[in-house]
Amino acid sequence: MKTSTPVRFLGIGALAMALLTQPAMAKTKRAPRAAPGWSLVIHGGAGTMSRDKMTPEREAEYRAALAAALEAGSKVLREGGSSLDAVTAAVRVMEDDPHFNAGRGAVFTWEGRNELDAAIMDGRTRAAGSVAGVTHTKNPVLLARAVMERSAHVMLAGAGAEEFGRQQGIEQVDPAWFATPERQRQLEELKANQKLSWFDVDRKFGTVGAVARDKAGHLAAATSTGGITGKRWGRIGDAPVIGAGTYADDRACAVSATGAGEYFIRAGVAHEICARLRFRGESGQAAADKVIAEVGKLGGDGGVIVLTPRGEGVFSFNTSGMYRARANSRGVSEVAIFKDDAAKRK
Ligand code: GLY
């Protein structure tokens, strides 16, 4: 014991010397860093989609709509913008496009209204914002972002959320802006035949979402939806529930989900996928496939998009199709719809 103290001090001294000389050594030995890359994955909903039931014109419309959203987000990332701005831009384009069940073109509630949910999350800080049941906000993703950036809260709902949006200068519209004849028809079909479920009248979920990695390596996720046709009683799905339909964590991944929200909430899908990456070291694809299989076992249908910190962008779904697209700084630019679609080039 008596001799151990000087020895320990000698050891600490040597260690200190080694640490002091480390930066100079590291400087000369460090390999050149790889060029920082960006990556973006988007979805416009999963569901029953078959080639024989979709006309070539309709398919072309969806492919163009997905390509427009992909380009809106890619432009932000290409020009050095943040992953948060990229997911906001991509989701906003899909909210304005009546092909998707979000913003304009959202499904109807039982009472014939459009009640919108959205969420956004910053993987750098795990700051998050979400809104549920809004009826006048043109772009719910912008309101979710305002909740994240300009309030002390994570989730606001209904009239209170919109009062906050008005105070923040977020654009409001007449509710008629969201309504389309096709969504009206789906509600009428559901009401005329109550043996049908909300899924029967649409056959797809149509929620929209985006996950991005910017050149600085930060992740973000955003999701927006009108929910499910004929929803009642203030029903809220998974999209605005942080950890269920939306999650981003730079240490793990970014996730946006689409599907039967109740099952995605019960399985905590988005957080569960990130936890598998973080604690089990699974790949994005393996984690997404396992959690979607869990959702299936519970009885739920749908899918997810996942992006890892290394820029691995993947899709996983247990339906026959999912409107989806991805792009990255290595030149990938793909749009796909059907399960057997070999992610065709645009
Ligand atoms: N996944 C959207 C919803 O269930 O509302």
Side-chain angles (χ1 to χ4, degrees), residues 42-49 87 91 94-95 99-111 113-121 130-135 137 140-141 143-144 155 157-158 161 178 183 186-187 190 197-211 221-247 254-273 288 291-292 294-296 298-306 315-319 321-324:
I42 65 169
H43 71 80
T48 304
M49 297 164 195
V87 296
V91 166
M94 291 187 279
E95 286 180 338
H99 287 94
F100 303 107
N101 172 19
R104 188 156 176 244
V107 297
F108 280 92
T109 66
W110 190 257
E111 292 78 22
R113 288 149 46 99
N114 303 109
E115 293 179 358
L116 313 167
D117 305 334
I120 192 162
M121 187 157 181
S130 79
V131 292
V134 296
T135 55
T137 302
V141 71
L143 182 54
M155 190 173 199
F178 303 111
R183 298 303 189 190
Q186 287 167 358
L187 178 63
L190 180 75
S197 75
W198 44 268
F199 185 57
D200 292 319
V201 296
D202 186 5
R203 311 302 294 168
K204 59 186 174 348
F205 298 99
T207 293
V208 307
V211 290
T223 313
S224 183
T225 189
I228 54 176
T229 302
K231 66 183 183 181
R232 292 195 240 195
W233 308 303
R235 181 265 184 194
I236 296 167
D238 59 314
V241 178
I242 299 302
T246 309
Y247 202 74
V255 181
S256 171
T258 171
E262 283 70 8
Y263 299 95
F264 283 68
I265 294 171
R266 287 167 57 199
V269 165
H271 188 272
E272 178 85 354
I273 291 171
V291 177
I292 288 298
E294 287 287 319
V295 169
L298 292 176
D301 288 332
V304 287
I305 51 174
V306 178
F315 314 100
S316 182
F317 49 99
N318 64 3
T319 52
M322 176 162 144
Y323 296 119
R324 60 200 190 277

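Counting convention: from 1, in listed order, for ligands and their atoms alike.
At least one donor-acceptor pair closer than 3.5 Å links the side chain of Asn114 to the backbone N or O of Val107. Within the 3.5 Å criterion, the main-chain N or O of Ser130 finds no donor-acceptor partner in the side chain of Asp117. Although no hydrogens or angles enter the test, the distance criterion places no donor-acceptor pair under 3.5 Å between the side chain of Asp301 and the main chain of Gly259.
In this structure, Thr109 and Trp233 have side chains that are not in contact, with every pair of non-hydrogen atoms separated by 4.5 Å or more.
For Glu95 and Ser224, the side-chain atoms include at least one donor-acceptor pair closer than 3.5 Å.
With salt bridges taken as basic N to acidic carboxylate O contacts below 4.0 Å, one links Arg113 and Glu115.
For ligand 1, the 4.0 Å heavy-atom shell contains residues Thr207, Thr225, Gly227, Arg235, Gly237, Asp238, Gly259, Gly261.
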